[in-house]
Amino acid sequence: MKKICVVGLGYVGLTLSAVLADVGLDVVGVDINEKAIEQLKRGKPHIHEPRLDYYIKKYVNNRLVVTTKIPSDPDIDTYIVAVATPVDKDHKVHMEYFERAVKEIATKIKKDDLLIFRSTVPVGTSRNVIKNILEPAGLKDGYIKVAFAPERTLEGKALEELRYLPQIIGGINEESVNAAALLFGKLTNTLVRVSSLETAEIIKQIDNVFRDVNFALGNEMGLVCEQLGVDAYEVAKSANMNYARTKIMIPGAGVGGACLPKDPYIFLNQLKRQLPHSMVLTARKLNESMPAHMVEMVGEEFSKQKKKIENSKIVLLGLAFKGLPETDDVRASPALDIADLLKAKKANIVGMDPVINKDSVVDKLTYVTTFSEALKGADCVIITNNHPRWGEIPFDEHAGEMKKKAIIIDGWNMLNRQEIERLGFIYRGVGIG
C-alpha cells in the first residue's frame with residue numbers, strides 16, 4: 001500500500017490516522033469541518049485523547065496530511081470511511097455523511113484499490129452501498145476490494161488499544177479480507193477474519209449492545225439497593241471478587257457517549273419484525289432514565305428541607321459523558337441531560353470539567369474552572385461523571401462558602417459519605433441505600 005485516505009477525523013478517524021502514520025504509512029486525513037482541519041494544521045488536535053497532541057505535532061504536515069476534500073492522488077490505494085452515523089430524537093439512523101463520503105470516494109478510487117468501512121451502520125449497508133453507489137459509478141464486483149473493519153476502541157485509550165485489540169475483518173471476497181488484514185496487521189497481531197460484511201457489521205453493534213445491557217443491570221441493581229438500604233458498590237465489588245462467572249457493573253448517573261446511546265437502536269431498528277420482548281430496548285430505556293433519577297433525588301432532598309429548586313445554585317461536576325478514561329466528548333452526556341431537566345425547574349446551573357472545551361456547553365450552563373467558583377453559594381453539588389478529580393474535592397476548605405445543609409448527590413461513589421456528613425452536608429448516592 002502506498003498511501004491511505006481516512007475520511008472522517010473524529011474520535012475514530014483521527015486516532016486511526018495518527019497510529020497509521022506512527023507505523024510508517026503515509027496518510028491523508030479528510031474532514032468537512034474546516035475549523036478542525038485548520039487547528040490540526042497548526043499541530044493541535046480538536047479532540048482530547050491522551051498523547052494525541054504528540055502524534056499530531058509529529059506527523060501533521062509530514063506523514064499525515066489533513067484536508068477538507070478527498071484529493072485526486074494516484075498514490076492513494078486505500079480508503080477508510082470513519083464518518084459519523086448519528087441517530088435523531090426518533091432513533092432513526094442518518095446515513096447522509098456516510099453516503100456522501102462513499103459517493104466522493106467513488107469518483108477517486110481506482111481499480112484494485114481497497115475501500116474499508118469503519119462507521120457503525122445497519123446490517124447490509126456495505127453491500128447496499130456496493131450495489132447502489134459503487135456499481136452505478138462503474139465499480140463492478142472485482143474492480144475494487146471492499147471490507148468492513150469496525151472500530152472497537154475506548155475513548156481515552158484509543159491510541160493504546162489500536163495496537164493490541166483484536167481487529168474484526170469481513171469482506172466482499174477473500175481478496176478484500178486479505179488486503180484489509182495486511183493493513184491492520186501493521187497495527188495489531190490479532191486479526192479476526194469473519195465470513196461476510198454483514199457479520200462484521202453486526203459485531204460492531206453487538207459489542208456496544210452487550211455493554212449497554214450490562215450497564216443497565218448495574219443501574220437496576222443500584223436502584224434496588226437504594227430501596228433496600230444496601231450499598232450497590234459493595235455488592236458489585238464483593239460479588240466480582242475472584243469469581244470469574246460474575247462481572248457486575250457498578251451503577252452511575254447515566255450512560256452516554258456517541259455509541260452506547262445509539263447502537264442499540266440501530267441494532268433493533270434494522271429488524272423487519274420487532275422482537276416482542278427486547279431486553280436491549282428495556283436496558284436502553286433504563287439507562288436513559290438515570291439522569292431523571294438523579295434529578296428526582298435532588299427534588300426529594302429539597303422537599304425535605306422545604307426548599308425550592310427554582311433559583312437555587314446547582315453544581316454539576318463532570319460534563320463529559322465519562323471521566324475515566326478522560327475525554328472531552330459531551331455527546332449524549334448524562335450531565336447535560338441533568339442540566340436540561342434542572343433548567344426546566346428554573347435552577348441556576350453551574351458546571352465544571354477538567355477536560356472539555358467550554359464552547360461545547362456554553363448554551364447549557366455557566367462554566368467555571370475552579371472549585372472556589374463552583375462551590376461558592378452552592379445549594380447542591382452533583383457528581384455527574386467518574387473523573388478521579390472529583391474524589392479530591394476539598395469540601396472542608398469550601399464548607400463555609402456553601403449553603404448550610406447543602407445537598408451532595410454522588411453519582412459515581414466518588415466521595416466519602418462520613419466525611420461529607422461530618423461537614424454538615426446531606427449525602428445521597430446512586431446505588432447507596
Side-chain angles (χ1 to χ4, degrees), residues 3-22 26-73 76 78-88 93-108 115-121 151 153 155-156 158-159 162 256-259 261-262 319-321 326-333 336 353 355-364 367:
K3 189 180 292 185
I4 299 163
C5 178
V6 178
V7 183
L9 296 180
Y11 290 88
V12 175
L14 185 58
T15 51
L16 177 62
S17 298
V19 173
L20 289 171
D22 194 51
D26 289 323
V27 183
V28 176
V30 180
D31 200 284
I32 60 174
N33 186 334
E34 295 181 1
K35 184 178 179 180
I37 292 299
E38 287 305 313
Q39 189 169 327
L40 287 168
K41 286 180 177 179
R42 296 195 302 269
K44 297 181 180 180
H46 57 288
I47 60 173
H48 177 83
E49 186 75 28
R51 284 186 58 78
L52 182 59
D53 56 343
Y54 166 79
Y55 283 80
I56 296 305
K57 289 176 184 176
K58 185 174 182 180
Y59 296 117
V60 166
N61 302 318
N62 179 8
R63 201 175 287 161
L64 172 57
V65 176
V66 296
T67 180
T68 57
K69 291 185 178 181
I70 300 173
S72 298
D73 186 340
I76 296 176
T78 301
Y79 295 84
I80 301 175
V81 179
V83 299
T85 52
V87 296
D88 60 22
V93 62
H94 285 261
M95 302 296 293
E96 297 96 317
Y97 303 125
F98 184 85
E99 291 173 358
R100 181 165 65 182
V102 176
K103 287 177 181 177
E104 189 174 353
I105 289 170
T107 67
K108 312 288 185 182
L115 173 58
I116 299 173
F117 300 130
R118 204 156 174 80
S119 306
T120 305
V121 296
E151 174 273 330
T153 57
E155 284 186 30
L159 296 173
L162 279 165
C259 296
K262 174 190 73 171
L319 305 177
F321 82 88
E326 69 176 22
T327 180
D328 63 343
D329 194 348
V330 298
R331 289 177 292 179
S333 170
L336 300 189
D353 190 286
V355 180
I356 71 159
N357 185 322
K358 174 183 177 181
D359 293 341
S360 63
V361 297
V362 69
D363 61 332
K364 296 282 187 178
Y367 183 79

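All figures in this text were calculated on a predicted structure; none of them were measured in a lab.
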Looking only at heavy atoms, what is the nearest atom pair of [X] and [Y], with distance?
X	Y	value
Ile56	Leu64	CD1-CD2, 4.4 Å
Arg51	Leu159	C-CD1, 3.8 Å
Ser119	Val83	OG-O, 2.7 Å
Val12	Ala82	CG1-CB, 4.0 Å
Ala332	Gly257	CB-O, 3.3 Å

Taking atom [atom1] of [X] and atom [atom2] of [Y], what is their separation to the nearest 0.5 Å?
X	Y	atom1	atom2	answer
Ile116	Ile80	CD1	CD1	4.5 Å
Lys108	Ile76	NZ	CD1	9.0 Å
Ile105	Ile70	CD1	CD1	4.5 Å
Asp22	Leu162	CG	CG	11.0 Å
Thr67	Asp73	OG1	CG	11.0 Å
Asp31	Leu14	CG	CG	9.0 Å

[X] side-chain N/O to [Y] backbone N/O, donor-acceptor pair under 3.5 Å:
X	Y	value
Arg331	Ala258	no
Tyr367	Asp359	no
Glu49	Ala158	yes

Any side-chain heavy-atom pair from Arg118 and Leu16 closer than 4.5 angstrom?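 Counting from C-beta outward, Arg118 and Leu16 do come under 4.5 Å.
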Does the side chain of Thr68 come within less than 4.5 Å of Ile32's, by heavy atoms?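 Side chain of Ile32 against side chain of Thr68, heavy atoms only: no contact under 4.5 Å found.
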What verdict does the side-chain contact (heavy atoms from CB on, under 4.5 Å) test give for Arg63 and Val27, after you've listed the backbone C-alpha separation in whole Å, the side-chain angles of each residue and the deciding distance to 0.1 Å? CA-CA 6 Å; Arg63 201 175 287 161; Val27 183; 5.9 Å; no
Only pairs under 3.5 Å count here: list side-chain donor-acceptor contacts from residues 37-48, not counting sequence neighbours, and write none if there are none.
unit_1 : atom_1 : unit_2 : atom_2 : d
Gln39  : NE2    : Pro45  : O      : 2.9
His46  : NE2    : Leu9   : O      : 2.9
His48  : NE2    : Glu326 : OE2    : 2.9

Inter- and intrachain pairs under side chain to side chain donor-acceptor pair (under 3.5 Å), touching residues 4-17, at least two apart: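 Listed once each, the pairs are Tyr11-Asp328.
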